[in-house]
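First up is the structure itself, then whatever we jot down about it.
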Number of protein chains: 2
Amino acid sequence: MSHVGYSCLMALDRDHVLRSAAALLTRKSTATMDEVAKAAGISRATLHRHFAGRDALVRALEALGIAECEGAVSRARLDDGPAGEAVRRLVREIQPAAGLLAFLYGESQLWEGDRQNDGWQRLDARIGAVFQRGQRTGEFRIDLTPVWLTEALYGLIASCAWATLDGRVAARDFPTMVAELLLGGAVRREES
Amino acid sequence: MSHVGYSCLMALDRDHVLRSAAALLTRKSTATMDEVAKAAGISRATLHRHFAGRDALVRALEALGIAECEGAVSRARLDDGPAGEAVRRLVREIQPAAGLLAFLYGESQLWEGDRQNDGWQRLDARIGAVFQRGQRTGEFRIDLTPVWLTEALYGLIASCAWATLDGRVAARDFPTMVAELLLGGAVRREES
DNA sequence: CCCACATGAGACATATTTGTCTCACACTGG
DNA sequence: CCAGTGTGAGACAAATATGTCTCATGTGGG
């Protein structure tokens, strides 16, 4: 029964296509379906067999981005140890997905509609919780809301991803730049 | 000679159209020329008489954004007093233009090409200088480069502008949220 | 009053992208 | 060898946005 082999190959291809598309759209967010297909090394017809249309492709990339973030959040074990260290781990774990995140962050199509993926809400909750925890333990200042700190984290990740693509920031400095700037603002300053 | 009155009215209208377009495109970056025209209360034909095409409109918005930023930078007197206070003044002065900046920041069309407006380079230099000054005086930490701090400032402004549009951050808190987070990372912590 | 001119409305061609379809080709397993 | 299947190439229509044009209208100045 070749159907098994079929779906198996399709699944592998699908992931490859998705990652190629992410890499391309990170650099050129207005790339056409044809360019996406060429970047993945397949034809436009096959691309359409994987994703019904451009919208479906973007949605799939959104789902991938959410999944990558959730993986990073889990691996970072945000509930363990000092909140500051947890945030540092999170930034380090999320770096490989930073380009994809930057693309999604700028894809206003995903945010304008009233129906947006619940995954972001779940992520916001998990990430916001670590800031809240840091505030409760007195490690973080309380005059910046967890919601804003979460938003700022996304913003800094996207900014640094773009700066990295332009060569204004070295890729190896990404975790330091993002985490140190964010935490410098979030960590309560030591009393002098 | 009606040509005087003509150009005068055109100039006034042009500015009004530009600001309407900025307000609309901040909320819906994919708005069509027709929607932009309607938002400005004029017809598409008249809009085309002001701006040769969509590209010209975006370029004009870019020029407006640069001008607003340069005005804010000048009013903030970045060379006066402590660098931290200078940055706070800058953020306060730049808030009215934050929405426009957020739109421009997400308009990848402006950054992908090899020919980008020199205005941004001039602005980067002026803003980067205040971070550099803060580092020289020992007020700012030196492990975050002025280039990154400048980039992060733009990113946080855009993030906070979007969060404000969504109601996740109150508009009156904008200066505090952006400046406190950025400076908390930039200002060297007091020795404990 | 009259004329010049800016405007609005709309028609029209054009360009671009998208979505769908067909068909020939290559590969793979039986 | 051959049937099944995924793929690439390309044709095609449809949708959308854009740019250009014409013409009627209204208004303000001379």
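Below, chain A is the first sequence line, B the second, and so on; all start at residue 1.
- For DNA chain D, the residues of residues 51-60 of chain B within the heavy-atom distance limit of 4.0 Å (strictly under) are B:Gly53, B:Arg54, sorted by number.
- Looking only at atom types and distance, the side chain of A:Ser74 has a donor-acceptor partner in the side chain of A:Arg126 under 3.5 Å away.
- Taken over five-pair windows at either terminus, the axes of the helix from C:dC1-D:dG30 to C:dG30-D:dC1 are inclined to one another by 10° (rounded to 10 degrees).
- Summarising the geometry, the separation between CG on A:Leu47 and P on C:dC21 is reported as 17 Å, rounded to the nearest angstrom.
- For A:Ala45, counting side-chain heavy atoms from C-beta on, the closest listed nucleotide (D:dG10, C:dT7, C:dT20) is D:dG10.
- Looking only at side-chain heavy atoms (C-beta outward), A:Arg141 and A:Gln135 stay at 4.5 Å or farther from each other.
- Aromatic rings of A:Tyr105 and A:Trp162 (six-membered ring for Trp) have centroids beyond the 6.0 Å cut-off, not under it.
- Between B:Ser43 and the phosphate of C:dT7, there is no side-chain N or O to OP1/OP2 separation shorter than 4.0 Å.
- Within 3.5 Å, no donor on the side chain of A:Arg44 pairs with an acceptor on the base of D:dG10, nor the reverse.
- For the pair B:Arg49 CZ and C:dC5 P, the computed distance is 14 Å after rounding to whole Å.
- Judged purely by distance below 3.5 Å, without hydrogens or angles, the side chains of B:Arg54 and B:Thr32 never pair a donor atom with an acceptor atom.
- Contacts between residues 28-42 of chain B and DNA chain D, counted as heavy-atom distances below 4.0 Å, involve B:Thr32, B:Met33.
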